[in-house]
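Atoms within each ligand, like the ligands themselves, are counted from 1 in listed order. Residues: numbered from 1 along the sequence shown.
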Amino acid sequence: MWDPAKYLDYADQRGRPFYELLGRVGAVAPRRVVDLGCGPGNLTKSLPSRWPSAILEASDSSPEMVAAAQAAGVPAEVRDVHDWKPAPDTDVVLSNAVLQWVPDHRDLLRRWAGELPSGAWCAMQVPGNFGAPSHALIRELASSPAWAPVLEPVVFRGDETVGEPQEYADLFADAGCQVDAWETTYVQRLDGPDPVLEWVSGTALRPIRAALDDASWTRFRAELAPLLAQAYPARADGTTWFGFRRIFAVARVP
Ligand SMILES: C[S@@+](CC[C@H](N)C(=O)[O-])C[C@H]1O[C@@H](n2cnc3c(N)ncnc32)[C@H](O)[C@@H]1O
């Protein structure tokens, strides 16, 4: 289950890649703009200011996120990305920080590139930090003898799901698209106690949270906190640097 409030804790840092992704979409007056996996809608709701004449379509597989998006004024619907088909007037489709949760997303990207109308833009962004200590430590702890029986099947293996920028460049180029693919590492300054633990609690730890009862979840977090604190030491001023690599691809259908 997604927790919109927890996810919004870092709305500013999580929002920046969305705008950088959008910055490489050259559509001038698209007829329909679609945000797949729109989450709580805080980013989606900025789209009409860029493209005021477009029909806005948004969906997410989480009813909690869709409720939050609707409350933010976004006409969101509950739908899994696998069930989405582009309407014939879809000129822009965005998916920001979603496809890392979808192991077969390469098949979807190829299908969308084939189904979108000529000249349409398809833009995606996924985290590329699954080799970072934050994720490696979660995987290590979840695979330890005490936790493995419950957590081994649910631990999030984004490293096996997400590709490198050139792989997405190849995928779209092979589909005949123009493509722009790149990566950026954001050096984020986090505040407060256990800031990296709080950050990952809103995303990567979600499947672990869902698999544990309250007492076990508290114990798991208590065991993870010192490991993260050692890997991401606080500065003298109490803030913590957290490097976050992200992967982007923007394709234009021929
Ligand atoms: C990290 S949030 C990103 C939300 C928003 N795009 C943003 O940039 O803030 C990931 C979102 O992907 C959604 N999601 C995960 N798997 C999905 C799927 N198979 N179909 C549709 N949405 C999915 C989740 O419900 C969640 O809202």
Task: All pairs passing ring-ring contact (aromatic ring centres under 6.0 Å, His included) where residues 30-63 contributes a residue, at least two apart - done: none

Open item on the list: List the residues meeting side-chain hydrogen bond (donor to acceptor under 3.5 Å, both in side chains) with Ser144, not counting sequence neighbours, and say none if there are none.
Closed with: none

TODO: State, yes or no, whether a side-chain contact exists between Trp147 and Arg219 at a heavy-atom distance under 4.5 Å.
DONE: yes

Open item on the list: Please compare Ser62, Ser61, Ala97 and report which has the shortest non-hydrogen distance to atom 16 (N) of ligand 1.
Closed with: Ser61

Task: Sub-3.5 Å N/O-N/O distance, Asp80 and ligand 1 - done: yes

Open item on the list: Regarding ligand 1, does Gly37 bring an N or O atom to under 3.5 Å of one of the ligand's N or O atoms?
Closed with: yes

Open item on the list: Geometry only, no angles: is Val102 polar-contacting ligand 1 at N/O separations under 3.5 Å?
Closed with: no

Task: Aromatic ring pairing Phe242/Phe244, orientation class (parallel under 30°, perpendicular over 60°, tilted between) - done: perpendicular

Task: Min N/O separation Asn42 to ligand 1 under 3.5 Å - done: no

Open item on the list: Which option wins on minimum heavy-atom distance to atom 15 (C) of ligand 1: Trp84, Phe18, Trp101?
Closed with: Trp101

TODO: Mind telling me whether Trp182 and Phe248 have parallel, tilted or perpendicular rings, with 30° and 60° as the class edges?
DONE: parallel

Open item on the list: With respect to Asp35, determine whether any N or O atom, backbone or side chain, lies less than 3.5 Å from an N or O atom of ligand 1.
Closed with: no

Open item on the list: Tell me whether Arg79 reaches ligand 1 (any heavy atom closer than 4.0 angstrom to a ligand atom).
Closed with: yes

Task: Distance in Å, Glu77 CD paired with Asp60 CG, rounded so as to fall on 0.5 Å steps - done: 12.0 Å

